[in-house]
Amino acid sequence: MAIWVQVAMAYFCRFNCFVFYMSLILSCSLVISKACKTKQQIPSTLDGPFQPKTVQFDPGLRRGSDDLPPSDPRLTRKKPSKYPEQISLALSSPGSMWVSWITGDAQLGSVVTPLDPCSMSSTVLYGTDSGKYTFSINGSAFVYSQIYPFEGLLNYTSGIIHHVRLEGLLSRTKYFYRCGDASLDALSEEHTFETLPSPSPISYPDRIAVVGDLGLTYNSSSTMQHLLQNNPSLLLMVGDLSYADQYITNGTGSSCFSCAFPDAPIRETYQPHWDEWGRFLEPVTSNLPMMVIEGNHEIEPQINNVTFLSYQTRFAVPSEESGSKSSLYYSFDAGGIHFVMLGGYVDYNNTSAQYSWLKQDLAKVDRSKTPWLIAAWHPPWYNSYSSHYREVECMRLEMEDLLYAYGVDVVFSGHVHAYERMNRVYNYNLDPCGPVYITVGDGGNIEQIDVTHADDPNGCPKPTDNRPQFGNLCIFNFSSGPAKSKFCWDRQPEWSAFRDSSFGHGILEVKNSTHALWTWHRNQDVYGEESFGDAVIIVRQPESCMARDYK
């Protein structure tokens with residue numbers, strides 16, 4: 001009997017080993033499921049650092065396109081002004097969701113009279129069954145004005161902007177809702193949204209779309225059409241949203257404001273463009289949470305040095321929920337991912353309120369509950385295009401050590417109107433524990449795509465050419481490596497893995513605590529499983545990269 005027991009135990013062990021390895025293979029196959037569906041094999045960051053690759057701009061394409069005309073049906077009001085429009089969702093804390101919308105008529109003229117935000121209630125009716133709204137909750141309403149103390153410039157005052165925070169939501173649950181003022185019989189049509197997974201047990205959003213520098217052009221429209229085909233569950237918008245500041249106050253626009261309007265007394269902004277942008281995106285944002293961070297085109301200076309007023313009034317973000325005292329920087333969780341949204345146009349020095357908040361926020365992150373740590377801000381630290389080349393070195397010098405010490409996995413930025421993915425990098429050196437920096441400032445805005453690289457012949461800008469719109473200019477030549485004693489590299493930098501001057505959007509699919517699939521989709525490609533212009537499996541290595549002394 002003993003020999004049969006030994007034989008049985010041997011087969012039992014082999015069977016268990018077989019089951020274990022089969023489960024491992026199945027787990028890995030989930031991570032590279034898209035690779036299996038395509039003819040090309042998707043590499044992982046463990047295969048890097050990659051040899052730098054450049055896809056040259058296709059001369060058969062236009063570098064840009066015009067803005068959609070205000071008469072486009074997607075930009076016009078559909079119902080009387082008492083009904084909600086420009087409806088949008090945003091994540092709050094886990095189990096909560098912001099619902100925002102606008103009612104009333106905005107005004108544009110030399111003299112404007114703000115509406116009374118208390119004249120209409122801010123109510124959301126919601127529940128888990130269509131037409132049956134178990135819950136009702138009220139919120140707050142606001143009005144803002146854009147005022148210019150110069151003769152001939154038109155002032156603006158907004159409609160009533162409503163923000164309501166829904167609470168007690170179940171994870172991964174579909175909700176039906178209507179918003180508006182029931183007492184005036186002015187509720188919206190029914191909309192739906194599905195909540196994201198909770199951090200415990202650890203799970204992840206299905207797909208996260210990432211877009212930068214979107215604007216309101218025909219290219220912007222193509223970007224959003226492609227994006228919807230990827231069926232995301234969350235939209236990350238990394239700055240430069242509507243480009244309302246490319247217009248003077250009479251509605252005349254240009255792809256180069258300073259070129260077309262050199263005598264403008266101030267960087268004017270045509271606020272009705274914001275309303276058109278909100279209507280354009282409503283079919284998406286009324287059903288899909290959109291998380292935003294400000295870019296330079298959201299600064300919009302006006303009287304008394306007021307800035308960012310439109311951005312801060314129109315968008316609800318979880319600044320208070322994340323302990324931030326400013327909506328210009330904040331954080332939030334999406335399942336097992338902790339997102340940090342930073343402001344590149346507000347004080348970021350190590351003595352600033354933003355830096356202090358960031359240090360506290362990072363220290364509170366529990367990587368056993370949210371393994372992934374992703375950061376986003378508008379102007380990129382790593383960029384090999386001539387446009388905005390090394391523009392925010394001061395911000396990098398102040399904050400990079402902190403993000404590296406806490407093991408940030410991925411960084412998304414915009415600003416440069418092209419696509420670029422970096423090898424893992426820290427302080428301009430290849431580093432297997434550095435973040436993967438990705439620039440996606442190619443959403444489709446009116447300023448056209450960037451095509452010139454700083455390493456092209458005559459492509460290196462002067463150190464003073466790219467002045468930041470906030471903060472100081474930090475200029476120095478490289479002190480070591482292939483670019484020693486130079487301001488620019490003479491070839492594509494080794495930290496730049498892939499760059500392409502095309503409009504598009506990105507999709508991040510986090511599969512588990514260590515693997516995520518990143519794909520970038522170009523507008524000019526026919527949509528399909530093989531339509532991505534770039535793809536990589538981002539692999540975290542917490543066992544070798546998280547053993548640092550966090551301070």
Side-chain angles (χ1 to χ4, degrees), residues 43-52 238 337-342 344 348-350 354-355 358-359 361-363 365 367 371-385 388-413 415-416 420-440 454-455 474-484 486-489 491-499 508 514 516 518 536-551:
S44 83
T45 51
L46 298 181
D47 299 318
F50 303 101
Q51 288 297 313
V238 293
I337 310 171
H338 185 73
F339 284 91
V340 175
M341 311 289 279
L342 299 181
Y348 44 68
N349 293 331
N350 59 21
Q354 178 176 201
Y355 189 95
L358 174 61
K359 190 172 182 179
D361 185 82
L362 293 174
V365 177
R367 302 301 281 269
W372 287 85
L373 180 52
I374 296 176
W377 58 85
H378 184 62
W381 294 350
Y382 290 94
N383 158 45
S384 65
Y385 284 82
H388 305 300
Y389 178 73
R390 302 182 70 183
E391 182 179 285
V392 287
E393 278 290 283
C394 293
M395 183 182 181
R396 184 188 69 80
L397 291 170
E398 292 289 337
M399 289 186 157
E400 186 177 23
D401 287 349
L402 185 60
L403 297 185
Y404 179 79
Y406 278 92
V408 169
D409 299 301
V410 186
V411 173
F412 293 114
S413 295
H415 204 37
V416 178
E420 187 168 18
R421 171 174 55 86
M422 316 307 157
N423 286 309
R424 290 191 178 276
V425 60
Y426 166 63
N427 195 26
Y428 289 109
N429 292 309
L430 297 177
D431 189 313
C433 296
V436 176
Y437 290 84
I438 299 174
T439 300
V440 286
D455 49 274
C474 294
I475 301 172
F476 60 85
N477 290 338
F478 292 101
S479 58
S480 62
K484 184 177 180 180
K486 299 177 182 177
F487 184 67
C488 296
W489 290 56
R491 61 180 184 272
Q492 184 174 355
E494 61 187 8
W495 39 262
S496 173
F498 182 89
R499 58 190 185 187
L508 181 69
T514 57
W518 166 257
V536 68
I537 298 169
I538 300 173
V539 182
R540 297 181 61 245
Q541 299 185 81
E543 69 285 350
S544 57
C545 291
M546 297 294 290
R548 291 189 288 268
D549 183 16
Y550 294 176
K551 293 182 179 180

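Everything numeric in this text was worked out from a predicted model, so none of it was measured. The first residue of the sequence shown is numbered 1, and numbering continues consecutively from there.
Distance check, rounded to the nearest 0.5 Å: CG of N383 to NE2 of H388 gives 8.5 Å. To the nearest 0.5 Å, atoms CE (M399) and OH (Y348) are separated by 9.0 Å. Atoms CH2 and CG, on W381 and L403 in that order, are 4.5 Å from each other to the nearest 0.5 Å. How far CH2 of W518 is from CD1 of I537: 14.5 Å, rounded to the nearest 0.5 Å. Residue N423 holds its CG atom at 8.5 Å from CD of E494, rounded to the nearest 0.5 Å.
By the side-chain hydrogen bond (donor to acceptor under 3.5 Å, both in side chains) test, D409 pairs with R367, R540, sequence neighbours left out. Qualifying ring pair (Phe, Tyr, Trp, His ring centres under 6.0 Å) partners for H338, counting only residues two or more places apart in sequence or in other chains: none. Every residue meeting the side-chain contact (heavy atoms from CB on, under 4.5 Å) condition with T439, not counting sequence neighbours, appears here in chain and number order: P380, V416, E420, M422. Judged as a ring pair (Phe, Tyr, Trp, His ring centres under 6.0 Å), and not counting sequence neighbours, the contacts of Y382 are Y428, Y437, W495. Applying the side-chain contact (heavy atoms from CB on, under 4.5 Å) test to C488 and every residue at least two apart in sequence or in another chain returns Y389, A454, C460, P461. I475 meets the side-chain contact (heavy atoms from CB on, under 4.5 Å) test with P463, T464, L473, F487; sequence neighbours excluded. Every residue two or more places apart in sequence or in another chain that forms a salt bridge (Lys or Arg N to Asp or Glu O under 4.0 Å) with E393 is listed here: R390, R396. Partners of D455 by salt bridge (Lys or Arg N to Asp or Glu O under 4.0 Å), not counting sequence neighbours, listed by chain and number: R499. When the ring pair (Phe, Tyr, Trp, His ring centres under 6.0 Å) test is applied to F50, no partner is found at least two apart in sequence or on another chain. By the side-chain hydrogen bond (donor to acceptor under 3.5 Å, both in side chains) test, S44 is found to be paired with no residue, residues two or more places apart in sequence or in another chain being considered. Under the side-chain hydrogen bond (donor to acceptor under 3.5 Å, both in side chains) criterion, D47 pairs with no residue at all, not counting sequence neighbours. Judged as a side-chain hydrogen bond (donor to acceptor under 3.5 Å, both in side chains), and not counting sequence neighbours, N350 has no contacts.
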What verdict does the side chain to side chain contact (heavy atoms under 4.5 Å, CB included) test give for N477 and K486, after you've listed the backbone C-alpha separation in whole Å, the side-chain angles of each residue and the deciding distance to 0.1 Å? CA-CA 5 Å; N477 290 338; K486 299 177 182 177; 5.6 Å; no
When you look at W372 and L508, which way does the side chain to side chain contact (heavy atoms under 4.5 Å, CB included) test go after all the steps? CA-CA 12 Å; W372 287 85; L508 181 69; over 6 Å; no
Show your reasoning for whether side chain to side chain donor-acceptor pair (under 3.5 Å) applies to Y404 and D431. CA-CA 10 Å; Y404 179 79; D431 189 313; 2.8 Å; yes
Checking L397 against F476 for the side chain to side chain contact (heavy atoms under 4.5 Å, CB included) test, could you report, in this order, the C-alpha distance in whole Å, the side-chain angles of both residues, the deciding distance, and whether it holds? CA-CA 12 Å; L397 291 170; F476 60 85; 4.1 Å; yes
Evaluate the criterion side chain to side chain contact (heavy atoms under 4.5 Å, CB included) for residue pair F498 and V536; output intermediate values, then yes/no. CA-CA 11 Å; F498 182 89; V536 68; over 6 Å; no
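Closest heavy-atom contact between R424 and G434: NH1-O, 2.7 Å. Contact record, V238 with H378: O-ND1, 2.9 Å, taken as the closest heavy-atom pair. Annotation for Y355 and N349: closest pair CB-O, 3.2 Å, computed over non-hydrogen atoms. Closest approach of P493 and P52 over heavy atoms only: O-CG, 3.4 Å.
Formation of a donor-acceptor pair under 3.5 Å by the T45 side chain with backbone atoms of V539 is found in this model.
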